[in-house]
Chemist: 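Take a look at this one; I'll ask things after.
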Amino acid sequence: MPRHGAKHTSILVSERLTPAMSAARREDRPVVTRIAPSPTGYMHIGTARTALFNWLFARGRGGKFLLRIEDTDRERSSPEATAAILKGMTWLGLDWDGEAVSQFDQKDRHAAVAHEMLAKGAAYKCFSTQEEIEAFRQAATAEKRSTLFHSPWRDADPATHPDAPYAIRMKAPQTGETVIDDKVQGAVTFRNDLLDDMIVLRSDGTPTYMLAVVVDDHDMGVTHVIRGDDHLANAARQTMVYDAMGWQVPVWAHIPLIFGPDGKKLSKRHGATGVEEYQIMGYPAAGMRNYLTRLGWSHGDDEFFTTGQALEWFNLEGIGRATARLDFKKLENLCGQHIAASDDAALLHELEAFLAASGKTKLTSAQRHKLLAGMYCLKERAKTFPELIEKAEFALNDRPVLPDVASAKSLDVVSRGILETLPPRLQSVSWTKQTLEPILTEHAAANGIGFGKLAAPIRAALAGRSATPSVYDMMLVLGRDETIARLQDAA
RNA sequence: GGCCCGUUCGUCUAUCGGUUAGGACACCAGGUUUUCAACCUGGGAAGAGGGGUUCGACUCCCCUACGGGCUGCCA
């Protein structure tokens, strides 16, 4: 059987549509995807990747990409966490259509749907208390029996209903199977008798996740649900809600989760679980997008690509089925390539955003100009913004240059003497690499040293550190007067 | 425990029954070099294990092992 394109969808699909028709319709309508994070902390890097996949899929097809905050858990949801999600999305350049939707705001609609299911006979009132259920589960576990809870109220006569709080449970089919036609995992079959009657509305009247996602996805017109494969089993239960309501089931694509470099679940221990941390570490957004897109998805042997290409190439078929590990070395490599390929002004703009996000001091107008002038040579040697700043130090700082320990070693007596005689030769030549190059080569030769021996003290004089652009580039960026002044300072 | 998913170089992956199993990152060696970054050349490096099916399996099926997910009035 082919991995993709299995013709059957849920066997519980509504009567008016044959499965084949249903599948065809789903896949032909304009694409609408969404990312639905729960605001319970920072924005997880895995959530960011899922968001990216959804964004790529929708935007690449002229569809819509929506953002819904799953904040039905009032205890754990916070406005700060929501803000972190919005911020992370914005940083990665993942724009969503319309306003971010609060799932909590739809609670009345969710409750209405639960009652509609009740009225249709697709759900029932369950008066079992949480204590009773808990006791049952404990006993079942102790006796090594199935912990699947079968509510005694499923077929109870309403006349026997007590005047007590109740939860509304889905009246799930007890025989047959539910098949998820997943674009990544293929056809996955679940036996219905192994699934319980899940609660759709809690006894306090609030909806559960299982109900809320389905209602919201339906109401928002979501056509493709691309999410972590930890939801694969949930898809079967959710399918039952779609079927009970006679709604069209979306196209499913459950993507493998990502893990830390050690293959273990990504945790705080790895140092970077939140997208904000990546921003603070100074990775450019384009590099992050490239890396995250390539992690678990492929388009032949393409490794480095622009967001435009990703938009054009991204598809569900290219998503792998195995879990992937984060590889910071590869992330850095890709980021370096993106920095080098960036437009100077855009790079400067992103660099300033990085400075702000990481709490570093802002650039002065003069620094901004120097940086822009030197960007052509700086961007080729940095993989992250901190690296770029380190190499731009020479252009950012004013005189006097304070050499660090390593570069100070290059400024011994002999070298200083050699530096001292250099300015006169630079005084009135044209300030281009073409004319500067022979002058420096000649100066080195005149002093009986190789160019490398001359470059070191010049580098120390101009930058005060050892990792910098080439001495020519620094001279060009600094300009004649500043260059000469620094050489004289050091000599 | 039950159900479900996964398993190709260290890592991300290509392969969609017939390849010397390819690429990228990383690594090692050499070269280039003006530091850093980059660059050039070369190298080592993989189908979890066992059964099938087939003229032929990395590819299809089964079992095992390992990893992961679900099994909540969390999402």
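Reminder, nothing fancy here: chain letters follow the sequence lines and each chain counts from 1. In what follows, every heavy atom counts, from backbone to side chain, and hydrogens, waters and symmetry copies are set aside.
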Chemist: Tell which nucleotide pairs with B:rG6, taking only Watson-Crick or G-U wobble pairs whose two distances are both under 3.5 angstrom.
Modeler: B:rC66
Chemist: Using atom C1' of each nucleotide, how far apart are B:rU64 and B:rA21 to the nearest Å?
Modeler: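 B:rU64 and B:rA21 have their C1' atoms separated by 26 Å.
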Chemist: For a quick check, with a 4.0 angstrom heavy-atom cut-off, what is the B/S/- contact string for nucleotides 61-75 of chain B, read 5' to 3'?
Modeler: -------SSS-SBBB
Chemist: What interatomic distance, in whole Å, is found between P of B:rC40 and the corresponding atom of B:rA26?
Modeler: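 Per the computed distance, 13 Å lies between those P atoms.
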Chemist: Using the P atom in both, what is the distance from B:rG49 to B:rG42, to the nearest Å?
Modeler: 31 Å
Chemist: Is A:Lys409 paired with A:Asp412 through a side-chain N to carboxylate O contact shorter than 4.0 Å?
Modeler: no
Chemist: Looking only at the side chain of A:Lys330 (C-beta and beyond, no hydrogens), which of the listed nucleotides B:rG6, B:rC3, B:rC12 gets closest?
Modeler: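 Looking only at side-chain atoms, A:Lys330 lies closest to B:rC12.
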Chemist: Testing A:Gln138, A:Arg137, A:Gln130 for side-chain hydrogen bond (donor to acceptor under 3.5 Å, both in side chains) with A:Glu134, which one passes?
Modeler: A:Gln138
Chemist: For A:Glu143, what residues pass the salt bridge (Lys or Arg N to Asp or Glu O under 4.0 Å) criterion, not counting sequence neighbours?
Modeler: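 Salt bridge (Lys or Arg N to Asp or Glu O under 4.0 Å) check on A:Glu143 returns A:Arg145.
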Chemist: Heavy-atom contacts under 4.0 Å between residues 297-307 of chain A and RNA chain B, which residues?
Modeler: A:Ser298, A:Asp301, A:Glu303
Chemist: Using heavy-atom distances to pick each residue's nearest nucleotide on RNA chain B, tell me which of A:Lys329 and A:Leu295 is more 5'.
Modeler: A:Leu295
Chemist: Let me have a per-nucleotide readout for nucleotides 32-50 of chain B, 5' to 3', with B, S or -, counting only protein heavy atoms under 4.0 Å.
Modeler: --BBBSS------------
Chemist: B:rG1 pairs with which nucleotide, Watson-Crick or G-U wobble, both distances below 3.5 Å?
Modeler: B:rU71
Chemist: Could you work out the separation of B:rC9 and B:rG68 based on their C1' atoms and round it to a whole Å?
Modeler: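 22 Å, rounded to whole Å.
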Chemist: Under 4.0 Å between a side-chain N/O of A:Arg294 and OP1 or OP2 of B:rC12, yes or no?
Modeler: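 Indeed not, no polar side-chain atom of A:Arg294 lies that close.
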Chemist: What's the gap between B:rA14 and B:rU19 when it is taken at their C1' atoms, as a whole Å value?
Modeler: 12 Å
Chemist: What interatomic distance, in whole Å, is found between C1' of B:rG72 and the corresponding atom of B:rU13?
Modeler: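 So the two C1' atoms sit 37 Å from each other.
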Chemist: Considering only distance and modelled atom types, tabulate donor-acceptor pairs under 3.5 Å from the side chains of residues 104-117 of chain A, sequence neighbours left out.
Modeler:
unit_1, atom_1, unit_2, atom_2, d
A:Arg109, NE, A:Asp219, OD2, 2.8
A:Arg109, NH2, A:Asp219, OD1, 2.9
A:His110, ND1, A:Gln106, O, 3.3
A:His110, NE2, A:Asp216, OD1, 2.7
A:His110, NE2, A:Asp216, OD2, 3.4
A:His115, ND1, A:Ala111, O, 2.9

Chemist: Quote, to the nearest angstrom, the C1' distance that separates B:rU11 from B:rG2.
Modeler: 34 Å
Chemist: Take atom C1' in B:rG69 and the same atom in B:rG50, then report the distance between them in whole Å.
Modeler: 26 Å
Chemist: Run the side chain to side chain donor-acceptor pair (under 3.5 Å) test against A:Arg49 and tell me which residues pass, sequence neighbours left out.
Modeler: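 Applying side chain to side chain donor-acceptor pair (under 3.5 Å) to A:Arg49 gives none.
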